Amino acid sequence: MTKGTRMAERYEVVVAGGGVVGLSVAYALACEGISTAVLDRREPGREASWAGAGLLPAPSDPDRRPTHPTLQLRAWSASLYPEWSARLREETGLDNGYRRTGGVDVARTEAEEHALRTTAGRWRVEGIAHERLAPADFARVEPALAPGLRAAYFLPDRSQVRNPWHLRALAAAIEGRRGRVFAGRGVEGFATRGDRVTGVATAEGPIGADFVVVAAGAWSGGLLAGLGVRAPTPPVKGQIVLLHGGRPLLRRIVEHGKHYLVPREDGRVLIGATEEDAGFDVLPTDDSYRGLLDVAFGLCPILREAEIEATWAGLRPGSLDTRPYIGPAPGFRNLIVAAGHKRAGLQLSPATAELVADLVLGRPPRIDLASFRVDREAAPPGDDVFRS
Ligand SMILES: Cc1cc2nc3c(=O)[nH]c(=O)nc-3n(C[C@H](O)[C@H](O)[C@H](O)COP(=O)(O)OP(=O)(O)OC[C@H]3O[C@@H](n4cnc5c(N)ncnc54)[C@H](O)[C@@H]3O)c2cc1C
């Protein structure tokens, strides 16, 4: 930690980490006219945010605001996506690939059917459009589904985004609004005075800031530990297989438990994803790749016709439970943590960004942040409302 360094370069806000969370935070701030710089130790948007599938949940009925902040975060973020996507396109000319593809959730066993029925009960309460399909209708909604599935629910509003396109559009929009996005400039430490950070240290010299936002994904915990702040962000490895069908073989997003198939309009299909505790290792493995193919071929046999184009892995940033951290770092008034979004960072990024903007601007946060505090008690197991 550097103390009392003089800093010539200065922004109102410095964001450490240029994944989808850091870039979204910087975009929300740039939209408020705040001078913001995003620093990434490598090329921004090449870690988890690039690796993710871009699956977005269906928004709930706007007239039925969920009661719990975790559900509010998900619902608000889902409703912001179409708005942000249109605005990004208008400002940059870039399409982020946001599409309302619709999705089908399927069950193969009695236990899975029971679990899906419970989930459908929650959709009903939240006002998320869904339809339990009669077996004769499975093929109407998704002709590629394997015969013999036990249950299927259609969610017409489930959507997707093309992660690399979205990240590119965010970076362009930030720069279009006079924000800065630095590649290859990592945050190495913080300058502090009492309970405030005054800036960050980088290999190219210090940068002053009124606020610093730590959005460094799975590396956030390590970065904050340097300040004595405990915010574990253990990496959760996820692998994906990308198929190319040459023509669209699948229409809808298909979900089966924690596995999913995401069709792109160009005939590609993403098969995801594993969930592994493998430290910071990002090498794809044969076992996982075969397991994902088995899942895909079992759900949609026509995918056997597709070519395997690529496999990759990324590191989801974990947290102490299933919720992200959104809020000030304990002991610091102007150091904000926006990290630990695990399986749901793409989907939760717009609302996370708007909440960070509330904190920076001194507005009451539009969602109660108690559930996302860095120093909260861990939520009980089974509280996992963020699926993807
Ligand atoms: C296989 C897979 C599938 C997924 N599918 C989905 C999905 O369908 N929907 C969904 O919502 N989510 C999905 N996720 C989760 C989602 O990708 C993550 O939650 C999200 O990308 C986290 O974003 P982030 O910005 O916090 O982290 P990252 O994208 O990891 O970004 C962190 C950035 O910080 C930078 N950094 C690290 N240390 C420093 C430092 N000291 N200084 C400066 N920069 C630093 C890194 O280089 C990186 O660019 C998936 C993840 C994986 C791996």
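Start at 1 with the first residue, then count along the sequence. Quantities reported herein were computed from a predicted structural model and do not represent experimental measurements. Atoms within a ligand are numbered from 1 in the order they appear, just like the ligands themselves.
- Across all their heavy atoms, Gly19 and Asp40 have their closest contact at N-OD2, 4.1 Å.
- Any N or O atom pair closer than 3.5 Å counts here, and Ile240 shares no such pair with ligand 1.
- For Trp165 and Tyr98, the ring centers are positioned 6.0 Å apart or more.
- Looking at ligand 1, you'll find an N or O of Val21 within less than 3.5 Å of one of its N or O atoms.
- Using a 4.0 Å cut-off between charged nitrogen and carboxylate oxygen, Glu276 and Arg316 do not count as a salt-bridge pair.
- When the side chains of ILVMFWY residues are joined at heavy-atom separations under 4.5 Å, either directly or via intervening members, Trp76 and Leu359 end up in a single hydrophobic cluster.
- When Ile253, Asp40, Leu39 are checked for heavy-atom proximity to atom 48 (C) of ligand 1, Asp40 turns out nearest.
- Residue-ligand proximity: Ala339 is placed with every non-hydrogen atom at 4.0 Å or more from ligand 1.
- Of the options Gly52, Ser349, Ser24, the smallest heavy-atom separation from atom 2 (C) of ligand 1 is shown by Gly52.
- Ring-plane geometry between Phe280 and Trp219 is classed as tilted, the angle between the planes lying from 30 to 60 degrees on a 0 to 90 degree scale.
- In this structure, of Ser49, Gly19, Ala313, the residue bringing a heavy atom nearest to atom 23 (O) of ligand 1 is Ser49.
- Asp358 places a side-chain N or O within donor-acceptor distance of the main-chain N or O of Arg366, the cut-off being under 3.5 Å.
- By the 3.5 Å distance cut-off applied to N or O atoms, Gly345 is counted among the residues near ligand 1.
- For Arg132, the CZ atom is densely surrounded, since the number of other residues' heavy atoms within 6.0 Å is greater than 12.
- Applying the 6.0 Å contact sphere to CD of Glu275 captures more than 12 heavy atoms from other residues, nucleotides or ligands.
- Under 4.0 Å from ligand 1, not a single heavy atom of Trp50 appears.
- Of all the atoms in ligand 1, the ones that sit under 4.0 Å from a non-hydrogen atom of Gly314 are 53 (C).
- Ring centers of Tyr81 and His166: under 6.0 Å apart, within the cut-off.
- Within ligand 1, the atoms closer than 4.0 Å to a non-hydrogen atom of Arg42 are 47 (O), numbered from 1 in the order shown.
- Each of the following atoms of ligand 1 lies closer than 4.0 Å to a heavy atom of Glu47: 30 (O), 46 (C), 47 (O), 48 (C), 49 (O).
- In the vicinity of Gly186, heavy-atom distances shorter than 4.0 Å reach the ligand 1 atoms 42 (N), 43 (C).
- Heavy-atom contacts from other residues, nucleotides or ligands closer than 6.0 Å to CZ of Phe182 number more than 12.
- No more than 12 heavy atoms of other residues, nucleotides or ligands shown are found within 6.0 angstrom of CZ on Arg373.
- Residue-to-ligand polar distances place Val187 within reach of ligand 1: an N/O pair is separated by less than 3.5 Å.
- Here the side chains of Leu242 and Ile308 are not in contact, with every heavy-atom distance at 4.5 Å or above.
- Heavy atoms of Ala53 found under 4.0 angstrom from ligand 1 belong to the backbone as well as the side chain.
- Heavy-atom distances between Tyr260 and ligand 1 reach below 4.0 Å in at least one pair.
- Under the 4.0 angstrom criterion for non-hydrogen atoms, Gly272 is not in contact with ligand 1.
- Against a heavy-atom cut-off of under 4.0 Å, Arg316 is close to the following atoms of ligand 1: 51 (C), 52 (C), 53 (C).
- Contact analysis leaves Pro44 out of contact with ligand 1, as no non-hydrogen atom separation drops below 4.0 angstrom.
- For ligand 1, one of its N or O atoms has an N or O atom of Leu55 under 3.5 Å away.
- Contacts of Glu188 with ligand 1, taken as heavy-atom pairs under 4.0 Å, are absent altogether.
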Step by step, would you call Thr311 with Gln239 a side chain to side chain donor-acceptor pair (under 3.5 Å)?
CA-CA 7 Å; Thr311 61; Gln239 302 194 43; over 6 Å; no

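- Among the atoms of Arg343, some N or O lies under 3.5 angstrom from an N or O of ligand 1.
- The ligand atoms of ligand 1 that sit less than 4.0 angstrom from a heavy atom of Gly54 are 7 (C), 8 (O).
- Panel note: side chain Ser77, backbone Ala351; a donor-acceptor pair is recorded below 3.5 Å.
- Taking the six-membered ring where tryptophan is involved, the planes of Tyr153 and Trp123 are perpendicular, since the angle between them exceeds 60° and thus also 30°.
- Counting heavy atoms under 4.0 Å from ligand 1, residue Leu346 touches it through both backbone and side chain.
- Considering backbone and side-chain N/O of Gly238, none are found under 3.5 Å from N/O of ligand 1.
- Among Arg185, Lys342, Glu43, the residue whose heavy atom sits closest to atom 19 (O) of ligand 1 is Lys342.
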